[in-house]
Amino acid sequence: MGFFNKLGKVLAKKMDLTIMFIAAFILFIYFTEGDLIAGILTAFFALIMYVAATLLYQEYKQMHAEKPVA
């Protein structure tokens with residue numbers, strides 16, 4: 001019971017985020033045409049691509065910064 005009370009308070013306190021979450025969820029279901037497994041997998045792999053690209057870019061910047069000036 002305590003979980004739902006806390007959840008209700010958070011949802012009421014952050015109404016703008018709650019509305020954004022509900023709208024994003026509805027659009028997610030709409031664009032995946034009800035195939036939630038494919039949509040979740042797509043979102044998961046997009047997250048992996050984002051993390052990998054960020055790490056590669058950081059490594060690139062670090063390599064470029066270590067290059068000695070002639």
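- The hydrophobic cluster containing L17, built from Ile/Leu/Val/Met/Phe/Trp/Tyr side-chain heavy atoms closer than 4.5 Å, also comprises M20.
- With rounding to the nearest 0.5 Å, the separation of CD in Q58 from CD in Q62 is 9.0 Å.
- If you chain together ILVMFWY residues whose side-chain heavy atoms come under 4.5 Å of each other, L7 ends up grouped with F3, F4, L11.
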Side-chain atoms of residues 39-55: list all donor-acceptor pairs with protein atoms under 3.5 Å, sequence neighbours left out, distances to 0.1 Å.
from, atom 1, to, atom 2, distance (Å)
T42, OG1, A38, O, 2.8
T54, OG1, Y50, O, 2.8

Let me have the donor-acceptor pairs involving side chains of residues 23-30, under 3.5 Å, with sequence neighbours excluded, atom names and distances please.
none

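- Annotation for M15: hydrophobic cluster partners, listed by chain and number, are I19 (ILVMFWY side-chain heavy atoms under 4.5 Å, direct or chained).
- Applying the side chain to side chain contact (heavy atoms under 4.5 Å, CB included) criterion to F21, with sequence neighbours excluded, gives no partner residue.
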